[in-house]
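This report refers to the structure that appears directly beneath it.
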Amino acid sequence: MLGDCKVMAMVPVKDIKTAEKFYSETLGLKKVKESIAGISYESAETQLFVYPTPAAGTAKSTVATWEVPDIAKVAQELKDKGLQFEHYDYPGATHEGDVHVWEGMKAAWFRDPDGNVLGLSQAV
C-alpha cells in the first residue's frame, strides 16, 4: 500500500525564520514551497518539511538522514560552516574524526538550531 508512495521527513522547529536560514544556507536545501504550515525543501528526489511547533527539539533520536557519497567530505564542509558533530559510543563502532564507522556503514550526526538530531550516512 504505502510502498509505492513517496515519504517526507517532518522536522519540528520553534522559529521558522531561524530554521529557514539553517536549512537553506547552512545545509544548502532548495526551498520549493512555503505556507502558513511551514516550508518544504527539496533534497534530490525527496522532500523535507519544516514546521513550527512548541514541541520542537524534543525528540532524542534522528529525525532525518541524508545518504551521501563521501561522508568525510560532507561532514568537513558542514563543520567549516560551524556545525558541531555528536559523538556516540555505539557497540562495534570506531571513529574517524566525527564519523562513526561500522562494517558496511559510516554515519555522523549533528543538530539543527532547535536541537533536532540530523544525520549523514554512507554505505561502504
Mind listing the closest non-hydrogen atom pair of Trp102 and Val124 along with its distance?
O-CG2, 4.3 Å
Point-to-point distance, once rounded to the nearest 0.5 Å, from CG of Asp98 to NZ of Lys79:
4.0 Å
Phe49 and Tyr51 aromatic ring geometry - parallel, tilted or perpendicular at 30°/60° bounds:
parallel
At their closest point, which heavy atom of Thr26 faces which heavy atom of Leu78, and how far apart are they?
O-CD2, 3.9 Å
Hey, does Glu34 have a side-chain heavy atom less than 4.5 Å from the side chain of Glu20?
yes
Determine whether Leu48 and Val63 make a side-chain contact, defined as any pair of heavy atoms from C-beta on separated by less than 4.5 Å.
no
Is the ring pair Trp66/Phe110 parallel, tilted or perpendicular, if the boundaries are 30 and 60 degrees?
parallel
Quick check: do Val50 and Tyr41 have side-chain heavy atoms less than 4.5 Å from each other?
yes
Using 0.5 Å steps for rounding, measure from the OH atom of Tyr23 to the CD1 atom of Ile16.
9.5 Å
Do the side chains of Glu96 and Lys106 get close enough for a salt bridge, i.e. N-O under 4.0 angstrom?
yes
Tell me whether the rings of Tyr88 and Trp109 are parallel (<30°), tilted (30 to 60°) or perpendicular (>60°).
perpendicular
Could you check if a side-chain atom of Gln47 sits within less than 4.5 angstrom of a side-chain atom of Val32, using non-hydrogen atoms only?
yes
